[in-house]
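Structure first, then comments.
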Amino acid sequence: MRIVLIGPPGAGKGTQCQRLLEYLDVPHLSTGEMLRQAVSGGTREGQQAASYMESGQLVPDELIVGMVSQRLMRPDCRAGCLLDGFPRTLRQAATLDEFLERQAMTLDGVIELAVPRDELVRRMLLRKREDDDPEIFSKRIESYQRQTAPLLDYYARQGKLKSIDGLGSAEEIFSRVCEAVEGFVARHDEPEDDSA
Ligand code: B4P
């Protein structure tokens, strides 16, 4: 299974992915985590990404696409993966589609975790990660609205989007996520209609 999780900053993508990993048994590709490791390891990519992350902006598409494609080429991703926080722009989404097509792979489904702004701010104040300063967090929400929210329409038009309510306990949300995944599995297992 190849699944993407989309949601605003602090929506709980990472939290739900940790649970989903055991369920799906596929590698977890969190671009936020990959970037944080690159920054703390002082790699070239990390040095390029740091100023964007510190100011609440998305890092440039070229940088993130390079990192993700290298990771997707590794053999453990052949059977599937859980994409957490990627793609985040229409350009990243189009690049992912092209990459998967070249590799004869498909994206099974996209889950949107929908959470209102007030709750995102409340969670951010509790989490206190370095990029969770209130002013920076507001910029990250704005970037989400401007650059990432258009992906919902992009994937809805492909018939791949399942939006779920991201409010409630992590367990309640996980059961909604699992229901969405079951829907993707059922579609994945349907025989192809070649009557057309
Ligand atoms: P991410 O690491 O993806 O950060 P995030 O969106 O803030 O986190 P997430 O939604 O995973 O929330 P979490 O589970 O932690 O990205 C960080 C930065 O990297 C971006 O701002 C950007 O600069 C850069 N970046 C990453 N990918 C990129 C890309 N593709 N292109 C360009 N730039 C990119 O949950 C948040 C908090 O809520 C936690 O404290 C958690 O305990 C709590 N929580 C979770 N579920 C809850 C629930 N149900 N109820 C209450 N609290 C809950």
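Computed from a predicted structure; not experimentally measured. Atoms within a ligand are numbered from 1 in the order they appear, just like the ligands themselves.
- Set against the non-hydrogen atoms of Arg36, the atoms of ligand 1 under 4.0 Å away are 2 (O), 17 (C).
- Ranking protein heavy atoms by distance to atom 4 (O) of ligand 1, first place goes to Arg129 NH2, 3.3 Å.
- The hydrophobic clustering, which links ILVMFWY residues whose side-chain heavy atoms are closer than 4.5 Å, places Met1 and Phe174 together.
- Among all protein heavy atoms, the one lying closest to atom 19 (O) of ligand 1 is Met53 CE, 3.6 Å.
- In this structure, the protein non-hydrogen atom closest to atom 41 (C) of ligand 1 is Thr15 OG1, 3.7 Å.
- Look at Gly168 and you'll find a heavy atom under 4.0 Å from some atom of ligand 1.
- The protein heavy-atom contact nearest to atom 10 (O) of ligand 1 is Lys13 NZ, 2.8 Å.
- Gln158 and Asp97 share a donor-acceptor pair across their side chains, judged by distance under 3.5 Å alone.
- With a 4.0 Å cut-off on non-hydrogen atoms, Val59 touches ligand 1 through its backbone as well as its side chain.
- At a 3.5 angstrom cut-off on N or O pairs, Gly14 counts as close to ligand 1.
- Using a cutoff of 4.0 Å between basic side-chain nitrogens and carboxylate oxygens, Asp76 and Arg71 are scored as salt-bridged.
- In summary, the atoms of ligand 1 found under 4.0 Å from a heavy atom of Ile173, numbered by their order in the structure, are 49 (N).
- Salt bridge present: Asp132 and Arg140 bring a charged side-chain N and a carboxylate O closer than 4.0 Å.
- Asp84 pairs with exactly one of His28, Lys13, Gln18 by the side chain to side chain donor-acceptor pair (under 3.5 Å) rule, that one being His28.
- Residue-ligand proximity: Ala11 is placed with a non-hydrogen atom under 4.0 Å from ligand 1.
- Remark: ligand 1 and Gly12 share an N or O pair separated by less than 3.5 Å (distance only, no angle test).
- Scanning the protein heavy atoms around atom 31 (N) of ligand 1, the nearest turns out to be Gln92 NE2, 2.9 Å.
- Using a cut-off of 4.0 Å between Lys/Arg side-chain N and Asp/Glu carboxylate O, Glu142 and Arg146 are scored as not salt-bridged.
- Using 4.0 Å as the threshold, Tyr52 has no heavy atom nearer than that to any atom of ligand 1.
- The residue among Arg123, Arg91, Arg127, Met124 with a heavy atom at the shortest distance from atom 8 (O) of ligand 1 is Arg127.
- Ionic pairing of Arg176 and Glu171 is not present here: no N-O contact between side-chain nitrogen and carboxylate oxygen is shorter than 4.0 angstrom.
- Look at Met34 and you'll find every heavy atom at least 4.0 Å from all atoms of ligand 1.
- Below 4.0 Å from some heavy atom of Ala170 lie the following atoms of ligand 1, by number and element: 49 (N).
- Not close to ligand 1: Glu172, with no non-hydrogen atom less than 4.0 angstrom away.
- The shortest contact between atom 7 (O) of ligand 1 and any protein heavy atom is with Arg140 NH2, 2.6 Å.
- Remark: distances from the non-hydrogen atoms of Gly10 to ligand 1 include one below 4.0 Å.
- A salt bridge is defined here as a Lys NZ or Arg NE, NH1 or NH2 lying under 4.0 Å from an Asp or Glu carboxylate O, and Arg122 with Asp118 fails to meet this definition.
- Protein heavy atom closest to atom 16 (O) of ligand 1, with residue, atom name and distance, is Arg88 NH2, 3.4 Å.
- Linking Ile, Leu, Val, Met, Phe, Trp and Tyr residues whenever their side-chain heavy atoms come within less than 4.5 Å places Tyr154 and Phe86 in a single cluster.
- Interface atoms of ligand 1 facing Gly85, defined by a heavy-atom separation under 4.0 Å, are 27 (N), 28 (C), 29 (C), 30 (N).
- Screening Glu135, Arg129, Glu130 for a side-chain contact (heavy atoms from CB on, under 4.5 Å) with Asp133, the sole residue that qualifies is Glu135.
- Across all non-hydrogen atoms, the minimal contact from Ala38 to Met67 is CB-CE, 4.4 Å.
- Near Leu58, meaning under 4.0 Å from one of its heavy atoms, ligand 1 places the atoms 32 (C), 33 (N).
- Gln57 counts as a contact of ligand 1, since one of its heavy atoms falls under 4.0 Å from the ligand.
- Leu113 has its side chain within reach of Ile164: a pair of non-hydrogen atoms, C-beta onward, lies under 4.5 Å apart.
- Within the 4.5 Å cutoff, the side chain of Pro8 has no heavy atoms near those of the Ile141 side chain.
- The pair Arg187-Asp108 does not meet the salt-bridge criterion, since no charged nitrogen lies less than 4.0 angstrom from a carboxylate oxygen.
- Nearest heavy atom pair, residue Ala180 against residue Ile111, reads CB-CD1, 4.0 Å.
- For ligand 1, the polar-atom distance check finds an N/O of Thr31 within less than 3.5 Å of one of the ligand's N/O atoms.
- Checking Leu35, Leu120, Ile136, Leu113 against atom 25 (N) of ligand 1, the nearest heavy atom belongs to Leu35.
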